[in-house]
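Notes follow the structure.
This chain uses plain numbering: 1 for the first residue, then up along the sequence. Order of listing sets the numbers, starting from 1, for every ligand and every atom in it.
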Amino acid sequence: MNAMQTLQQYIDESKRIVFFGGAGVSTESGIKDFRGVDGLYHLKYKYNPETILSRSFFLGHTDEFFEFYQDKIVQPTLNAAPNIAHKTLAKLEDMGKLTAVITQNIDGLHQMAGSRNVLELHGSIHRNYCMNCGEKYSLDAVSNADGIPRCHCGGIIRPDVVLYEEPLDDVVITKTVQAINNADLLIVGGTSLTVYPAAGFLDFYNGSKLVVINLDNTSYDSKAALTISGKIGEVLGHIQL
Ligand code: NAD
Ligand code: ZN
């Protein structure tokens, strides 16, 4: 059996599939990842993305943070639509075969594709709040702002995304661990698995069917029952549902 046939068989026989993904899931929607060949790491920018997207940088250089965030994160996402990977996962959930999509992405494309149980480990650009009065704002408040987005109270509107140096949400962590722990098939894709603690949650998988679909090698390849080197949209697009 070739790798695609094995993946098809795994999906056919599973009832509690969990998908765990990252930025590579959205590259086929036109949003750059960090570490892929075309990723933001390879940009000639004064600071690397992880420095800019850190709490200390946000607090110390708020204007430069928003300049990068607008240009490299918000604007590309405004023009993006879900690809076949997002859509296939939404369909699997509709069929009652997939229990959760766990994502490190902040772009909201899984929900746009119709997925309902999406655990956003790193938050979402679609939720924003005033750091002073707590008022909630949609993405428009940030995408339409010229410079630092401000609340009517004068406070800074920040995205509800987990910056480097900030902790993940406890409720999301608990649900993530439960979903992975109960999964019969765990499909990991489009992630370098280098960002912690997110990548460490994979260790809660007890099953024997860990599948890694990624363009580059990852540190979990050796633990996987199946590794497929390819584009996640192309691979999931070949699955018969
Ligand atoms: P990463 O950039 O570290 O790694 C992406 C991985 O996906 C690479 O190994 C690359 O080879 C692979 N890849 C790229 N395109 C692919 C495709 N079409 N099919 C299969 N594999 C593909 O991303 P990460 O592991 O998610 O970590 C980066 C962090 O940056 C995350 O915390 C995430 O929150 C954030 N981020 C989010 C977005 C987004 O929301 N779309 C975009 C960039 C970064
Ligand atoms: Zn306010």
Side-chain angles (χ1 to χ4, degrees), residues 19-43 48-54 68-69 72-86 88 101-112 118-126 128-137 139 141 149-164 166 168 172 187-202 211-221 227-237:
F19 180 81
F20 182 100
V25 176
S26 293
T27 54
E28 288 163 87
S29 294
I31 302 176
K32 288 186 188 303
D33 62 8
F34 282 177
R35 293 177 194 79
V37 280
D38 221 11
L40 295 182
Y41 257 88
H42 303 280
L43 286 179
N48 76 41
E50 282 176 5
T51 303
I52 301 174
L53 298 174
S54 69
F68 177 90
Y69 181 74
K72 303 295 179 211
I73 313 261
V74 173
Q75 294 303 326
T77 306
L78 290 178
N79 299 320
N83 65 54
I84 192 145
H86 301 103
T88 304
V101 168
I102 301 162
T103 184
Q104 300 164 83
N105 294 347
I106 56 178
D107 56 32
L109 290 182
H110 285 294
Q111 290 90 334
M112 210 188 283
V118 183
L119 302 172
E120 296 176 306
L121 290 171
H122 296 158
S124 173
I125 67 168
H126 298 280
N128 301 277
Y129 63 91
C130 171
M131 293 174 75
N132 184 42
C133 73
E135 183 159 334
K136 293 190 166 96
Y137 286 90
L139 182 57
R150 294 273 177 191
C151 180
H152 51 75
C153 82
I156 295 169
I157 300 173
R158 72 158 277 181
D160 192 4
V161 301
V162 179
L163 299 174
Y164 291 92
E166 290 181 337
L168 309 193
V172 178
I187 304 175
V188 176
T191 170
S192 61
L193 297 175
T194 53
V195 177
Y196 280 82
F201 297 136
L202 297 185
V211 177
V212 178
I213 306 167
N214 209 58
L215 284 174
D216 292 308
N217 295 335
T218 76
S219 57
Y220 278 79
D221 291 4
T227 56
I228 300 180
S229 173
K231 290 192 174 176
I232 184 103
E234 287 178 10
V235 172
L236 293 182

contact_flag [X] ligand 1 heavy-atom lt 4.0 Å:
| X | value |
| --- | --- |
| G230 | yes |
| Y164 | yes |
| G233 | no |
| E50 | no |

State whether the shortest distance between N or O atoms of E28 and N or O atoms of ligand 1 falls below 3.5 angstrom. yes
Rounded to the nearest 0.5 angstrom, the OG1-CG distance for T103 and L119 is 9.5 Å
Donor-acceptor side-chain pairing of Q111 and H126 below 3.5 angstrom: no
With heavy atoms under 4.0 Å as the rule, classify the contact between [X] and ligand 1 as side chain, backbone, both or neither.
| X | answer |
| --- | --- |
| V195 | side chain |
| S192 | both |
| T27 | side chain |
| I31 | side chain |

Protein N, O or S atoms lying under 2.8 Å from the Zn ion (ligand 2), listed by chain and number: C130 SG, C133 SG, C151 SG, C153 SG
As an exercise, identify every atom of ligand 1 less than 4.0 angstrom from a heavy atom of A23. 23 (O), 24 (P), 26 (O), 38 (C), 42 (C), 43 (C), 44 (C)
With side chains defined as the heavy atoms from C-beta onward, is the minimum distance between H86 and S26 less than 4.5 Å? yes
